[in-house]
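Report on the structure given below.
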Amino acid sequence: MIARIRRILFALLLLTVAASAAPNEVRKSLARISNSAQEPNYRIPWLPGRGGGGSGTGWVVSKDRLVTNAHVVSNARFLTIEKENDPKKYIATVEHIAHDCDLALLKVDDPAFFHDTKPLELGGIPEIESSVSVYGYPIGGERLSVTRGVVSRVDFRPYSHSVVDSHLCIQIDAAINPGNSGGPVLQDSKVVGVAFQGYSGDVAQNVGYMIPTPVIKHFLQDIKDGHYDRYMDLSINTFNLLNPAHRKALGLQDDDRGIVVSSVQEAGVCAGLLKEGDVIMAIDTLPVASDGMVELEGERVQMAEVAERKYLGDTVNFSILRDGKPIDVAVKFTRAWPHAMQANTYEQQPEYVLFGGLLFQPLSRNLMGAYQFVNPRIDYFFDTYITKAVYKDHPDLIILTALLPDPINTYFSEFREGIVDEINGKKVKTLRDLSEAFEEKTDFYVVKFIGIGRPLVLERAAVDAARQRIKKRYNVPEEQNLTAS
Amino acid sequence: MRTSLFVCISVLTAAPLLAQTPVAAPAAVEPQPPGSGAPSDLPPPGGAPAPTGAQPAPNQALVVPPVAAKLDKKPSVLRVNVTNQPWDFMRPWGKRPPYSRRAVGAVLPGNRVLVTGELVANANYLELEAADGGLKVPASIEVVDYEANLAILKADDPKFMDGFEPMEFTSASVGDTVSIWQLENTGTVLVTNGSLTTAEVSRYPIDDSPLLVYRATASLQFRDSSFTLPVVKENKLAGIIMRYDNATKSAEIVPSPVIEHFLKDVAKPPYRGFARIGLSFSNTRDPQLRRYIGLKAGGTVGGVYVTDVLKDGPSDRAGIESGDVILKIDGEAVDQDGNYSDPAYGKLSIMHLIGTRHFAGDTLKFSILRKGEVKEVEVRIARRAPESYAIEPYVIDKAPRFYVLGGLVLQELSRQFLKEWGADWVKKAPEEFVFMDRQQGDLFKEPGKKIVILSGVLPSSATVGYEELHQLVVTKINGMSIDKLADVPAALAQVTNGLHKIEFDGEPSSIYLDAAAITAGDPALMSNYRLPLLKRLD
């Protein structure tokens with residue numbers, strides 16, 4: 001027994017020596033965040049949603065603000081934060097939330113919270129194999145927990161909160177557990193990352209990820225004007241130029257330089273400026289290698305990392321070869337990518353139109369998650385939404401997700417999960433188009449679905465008689481929500 | 001209430017695991033029957049209808065003592081042993097490991113043996129075995145129709161068949177008691193009685209061809225040789241089992257009307273197969289639709305709504321258009337669901353009337369309603385050959401076409417290829433290909449069009465940088481459009497500056513290969529990867 005205690009003390013002592021930030025000092029910068037959330041119900045979209053939430057960690061970044069993960073405070077209805085050695089629960093609100101990089105900035109209503117807090121400083125990108133300590137309130141107890149490990153690698157990785165975004169990401173082998181989210185990872189008393197995701201032990205051992213400081217700084221810089229503009233995106237695809245035959249065909253030397261543009265999204269900022277087949281030789285004067293990497297601040301990183309560090313209104317300069325001729329192309333970031341239905345969304349009540357007991361909802365990742373469709377057509381349109389530029393004809397892909405049974409729709413089950421193409425001969429591009437088409441005074445509403453030969457026919461007189469009945473029977477307060485369109 | 005917010009852990013887990021799974025390795029390891037891509041609404045084919053598990057408790061065995069009484073003659077059934085070896089569509093130059101299936105076949109007049117088509121799919125070797133497990137002789141397939149799931153076998157030595165009593169046919173009706181015959185090791189017949197619960201037009205193992213199916217409920221015993229079994233009523237053949245679900249004790253049976261149609265067709269060579277009309281239709285139950293298209297509401301008038309017409313198919317040639325309503329076929333009224341009144345089975349899908357009660361080449365009179373007017377058209381029905389599909393619904397007994405170009409593996413997309421992803425292929429196979437298969441009538445209208453894909457890359461010196469490309473549709477080679485794999489050699493002949501340009505519908509849009517490097521590297525490619533050949537174009 002005595003031996004065991006000694007060993008524990010020894011370990012603690014070691015820790016204190018190595019990470020010279022004394023835990024007692026760090027305590028002053030940390031908070032436990034409790035979120036009472038309400039998650040939108042995409043299957044019954046007129047309901048306020050199911051209660052949910054949980055707890056995570058936050059840290060003081062300035063004299064009166066805290067940083068945490070977006071996923072800690074998403075869909076929050078009521079947020080409280082607590083400090084060590086203070087029994088009080090303070091009420092907090094989200095000032096800025098960045099779902100594309102999983103960060104959020106919090107305010108606290110009562111200024112007394114910051115009375116004895118100490119903001120943490122931001123550091124740089126830690127060296128591989130250097131030690132870091134993770135602070136937070138993970139499962140396994142109530143009080144502050146510290147775990148320690150080394151930096152395993154620095155990489156460009158998907159951020160799972162939105163699913164579709166990838167940014168610089170640092171892998172560490174310190175234990176990161178549920179509740180650590182949003183907590184600081186320190187080295188030499190400075191924040192080098194925010195713990196945010198990991199693998200379950202079923203998949204990989206000791207693999208945790210933190211959001212590195214370039215991403216944190218980008219977020220803090222972006223919101224300085226009081227608005228979060230999101231990450232900028234080039235919206236192009238590129239392909240390596242490692243193959244000698246490919247290089248020869250494009251008239252390139254054998255010097256491992258350049259990658260080829262394989263597609264340019266029409267709705268993206270490069271549309272009209274870059275073309276498929278252009279060879280990118282340099283970005284902002286940094287040479288681009290034939291595997292798509294550039295050297296940035298001593299690290300070999302993907303070319304996209306250069307665009308990652310830009311803000312709304314910034315410009316990126318490409319040196320390209322087009323048909324063998326060198327030209328310079330300047331691309332200005334005038335807007336973030338507009339068609340984001342493949343990303344998880346938060347804070348939004350689901351959009352829908354209920355008409356004659358037919359529930360129409362725009363396709364989104366949230367909708368896919370709620371319905372778990374087993375439908376090759378929906379999978380195809382969801383996955384190729386950007387790559388095949390489906391958004392041009394169908395910015396909203398409107399699905400007939402459910403039927404609230406009523407005599408008017410009793411023979412319509414074969415249309416369930418259909419994607420609306422047109423109503424009375426008019427293409428339906430958005431949910432608002434659909435809502436407007438159903439407002440027209442016509443004897444029949446003839447709805448055509450993509451890939452379904454038979455039209456769905458609704459008689460106006462019959463729908464008019466059914467609408468109030470359906471609203472009442474199924475307790476639907478509103479027949480539509482178009483707030484996001 | 002979740003105890004933690006660290007939701008990201010679970011979200012992340014799936015992707016990297018998938019990334020580690022070789023793309024060209026479908027889940028199916030076990031040999032599967034060709035129709036194994038069954039949607040979940042059908043009982044799983046399970047490889048063989050034989051129930052597995054413990055020997056039956058005496059009280060549950062509906063076993064009638066064998067029909068051994070008349071065994072002064074040989075019985076009308078025998079064992080059929082088949083070694084199957086399908087081609088490997090992921091590595092199209094080779095076959096998968098062989099596996100064996102054993103079944104009980106019914107003896108037909110003319111010393112022929114009837115079994116399911118599925119049993120003999122991709123058969124390497126067939127054997128007939130006397131019921132008592134004694135004498136065995138090699139056999140061969142006389143005719144097989146995978147769409148109707150039927151095959152006729154013949155013993156290579158005709159003397160083997162001497163003394164067998166051929167079976168006669170009978171039809172059965174819902175409610176009849178039928179017997180399913182299995183064989184004991186001694187050669188006596190194990191009879192399990194069951195009742196016929198349903199007779200309806202339903203899906204066969206080849207997804208596109210619905211035909212009449214009997215369903216019966218019977219508790220089959222576990223016995224060897226049960227991949228298919230004769231179904232007998234009053235000592236006459238009522239059908240043969242094609243699927244059995246051990247959990248629900250339900251058997252799906254190729255019924256005697258389909259078998260008799262098959263045999264009549266076989267009797268007048270060349271074999272033509274089961275005919276179709278080349279359109280799809282939808283019910284007209286909804287009164288709003290009926291009023292919209294000018295059909296009288298109230299249910300007295302039937303009719304089905306034509307949703308799609310196959311280009312250049314029988315209906316198209318007869319002038320039927322989508323939006324027409326079919327009111328009558330061959331004098332039989334068509335109801336709102338697409339049924340007619342069959343003298344033997346009552347309400348039954350018109351697919352039975354067309355496919356089984358008529359033969360390919362027959363002309364049927366259709367009454368159709370178009371824009372409020374009734375018209376009569378004549379439809380000359382025909383079988384649709386699998387080769388006529390852009391994405392062939394099955395490729396059985398045939399080696400897949402492929403072309404290994406410097407390490408790029410090119411082949412034609414088929415549903416057989418998609419079924420390499422296992423029973424759950426609709427969900428697991430590349431969704432773009434599954435979508436193309438489902439929508440092929442809309443997407444690919446030109447006759448003869450096939451979809452050539454890059455299914456994977458064998459890394460080689462010629463394919464540096466291309467190792468991760470897979471499941472891409474090839475559109476052009478050297479500027480020439482690729483509409484079938486056989487177009488590849490001519491397109492390769494158009495090489496400029498010694499470089500082949502290969503274009504894809506996808507990312508990347510194009511890549512290049514050095515023609516000289518391909519030629520120089522081919523011998524190494526063949527020896528490194530043990531490829532017996534680099535292309536098969538027919």
Side-chain angles (χ1 to χ4, degrees), chain A residues 35 51-56 69 71-72 102 138-139 158 160-161 163 177-181 196-200 202-204 237 239-246 248-249 260 262-263 276-277 374 376-377 379-380 383-384 387 408 410-412 414 444 446 451-455 457-459 462, chain B residues 1-17 40 280-293 305-308 322-323 426-427 431-432 434-439 442 462-466 497-501 506-515 517:
Chain A
N35 178 6
S55 70
N69 282 142
H71 76 257
V72 171
D102 203 357
I139 50 167
S160 65
H161 178 57
V163 183
N177 283 302
N180 268 126
S181 280
F196 81 123
Q197 64 188 25
Y199 282 106
S200 100
D202 301 342
V203 180
N237 278 305
F239 188 68
N240 74 63
L241 284 178
L242 298 168
N243 191 281
H246 206 164
K248 198 171 147 194
V260 64
S262 54
S263 63
E276 185 188 316
V374 179
R377 189 183 293 131
D379 285 350
Y380 172 79
D383 287 331
T384 60
T387 53
I408 195 174
T410 189
Y411 298 106
F412 290 167
E414 71 182 90
F444 291 100
V446 181
I452 299 180
R454 180 191 142 191
V457 178
L458 277 168
E459 283 172 317
Chain B
M1 171 125 174
R2 270 200 329 250
T3 53
S4 92
L5 264 172
F6 203 57
V7 285
C8 299
I9 283 185
S10 55
V11 183
L12 246 188
T13 47
L17 271 188
S40 52
S280 43
F281 59 82
S282 168
N283 74 67
T284 58
R285 279 189 167 265
D286 181 29
Q288 298 174 97
L289 176 75
R290 297 182 70 83
R291 286 190 284 268
Y292 174 66
I293 57 180
Y305 185 89
V306 177
T307 54
D308 283 300
S322 46
V426 172
K427 228 176 146 45
E431 63 244 349
E432 188 177 350
V434 175
F435 177 78
M436 283 179 176
D437 177 42
R438 290 291 160 101
Q439 300 291 126
D442 285 344
T463 59
V464 171
Y466 305 151
N497 297 331
L499 297 174
H500 293 303
K501 182 181 189 187
E507 301 279 342
S509 47
S510 57
I511 59 171
Y512 293 84
L513 290 175
D514 189 313

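Only heavy atoms go into these numbers, but all of them, side chains included; no hydrogens, no water, no symmetry mates. Chain naming here is simple, since letters A, B, ... match the order of the sequence lines and numbering starts at 1 in each.
The parts of A/Glu459 that come within reach of chain B are both its backbone and its side chain, each placing non-hydrogen atoms under 4.5 angstrom from that chain. Looking at A/Ile452, there are no atoms closer than 4.5 Å to chain B (heavy atoms on both sides), in backbone or side chain. Using a 4.5 Å cut-off between heavy atoms, B/Arg438 touches chain A through its side chain atoms alone. Heavy atoms closer than 4.5 Å to chain B are found nowhere in A/Val260, neither backbone nor side chain. Residue contact with chain A, scored on non-hydrogen atoms closer than 4.5 Å, involves the backbone of B/Thr463 exclusively. In this structure, the portion of B/Tyr305 lying under 4.5 Å from any heavy atom of chain A is its side chain and not its backbone. B/Leu499 touches chain A through its side chain: at least one heavy atom from C-beta onward sits under 4.5 Å away, while N, CA, C and O do not. Heavy atoms of A/Asn243 lying under 4.5 Å from chain B belong to its backbone as well as its side chain. Only the side chain of B/Asp442 comes within contact range of chain A, with at least one heavy atom under 4.5 Å from a heavy atom of that chain. Residue B/Gln439 touches chain A through its side chain alone, counting heavy-atom pairs closer than 4.5 Å. Heavy-atom distances place both the backbone and the side chain of B/Asn283 under 4.5 Å from chain A. With a threshold of 4.5 angstrom between heavy atoms, B/Ser510 approaches chain A through N, CA, C or O but not through any side-chain atom. Within the 4.5 angstrom heavy-atom criterion, atoms from both the backbone and the side chain of B/Ser509 approach chain A. Neither the backbone nor the side chain of B/Ala517 comes within less than 4.5 Å of any heavy atom in chain A. Looking at A/Leu241, neither its backbone nor its side chain comes within 4.5 Å of chain B, counting heavy atoms on both sides.
Per-residue heavy-atom pair counts under 4.5 Å with chain B were compared for A/Pro455, A/Ala462, A/Pro244, and the maximum is reached by A/Pro455. Comparing B/Asp514, B/Leu289, B/Ile293, B/Val434 by how many heavy-atom pairs each has under 4.5 Å with chain A, the most go to B/Leu289.
For the residue pair A/Ser263 / A/Asn237, a side-chain donor-acceptor distance below 3.5 Å is found, with atom types taken as modelled. Remark: the B/Arg290 side chain and the B/Thr284 side chain contain an N/O donor-acceptor pair separated by less than 3.5 Å.
Under the rule for a side chain to side chain contact (heavy atoms under 4.5 Å, CB included), the partners of A/Thr387 that lie at least two apart in sequence or sit in another chain are A/Thr384. Contacts of B/Glu431 classified as side-chain hydrogen bond (donor to acceptor under 3.5 Å, both in side chains), with partners at least two apart in sequence or in another chain: none.
Under the 30°/60° scheme for interplanar angles, the aromatic rings of A/Tyr380 and B/Phe435 are found to lie parallel. Between A/Phe239 and B/Tyr466, the angle of the ring planes stays under 30°, which puts this pair in the parallel group of the 30/60° scheme.
Within a 6.0 Å radius of CZ in A/Phe444, other residues, nucleotides and ligands contribute more than 12 heavy atoms.
Nearest heavy atoms, B/Leu513 versus B/Ala462: CD2-O, 3.3 Å.
You'll find the side chain of B/Lys427 reaches within 4.5 Å of the side chain of A/Asp379, heavy atoms only. Under the 4.5 Å side-chain criterion, counting only non-hydrogen atoms from C-beta, A/Leu458 is in contact with A/Phe412.
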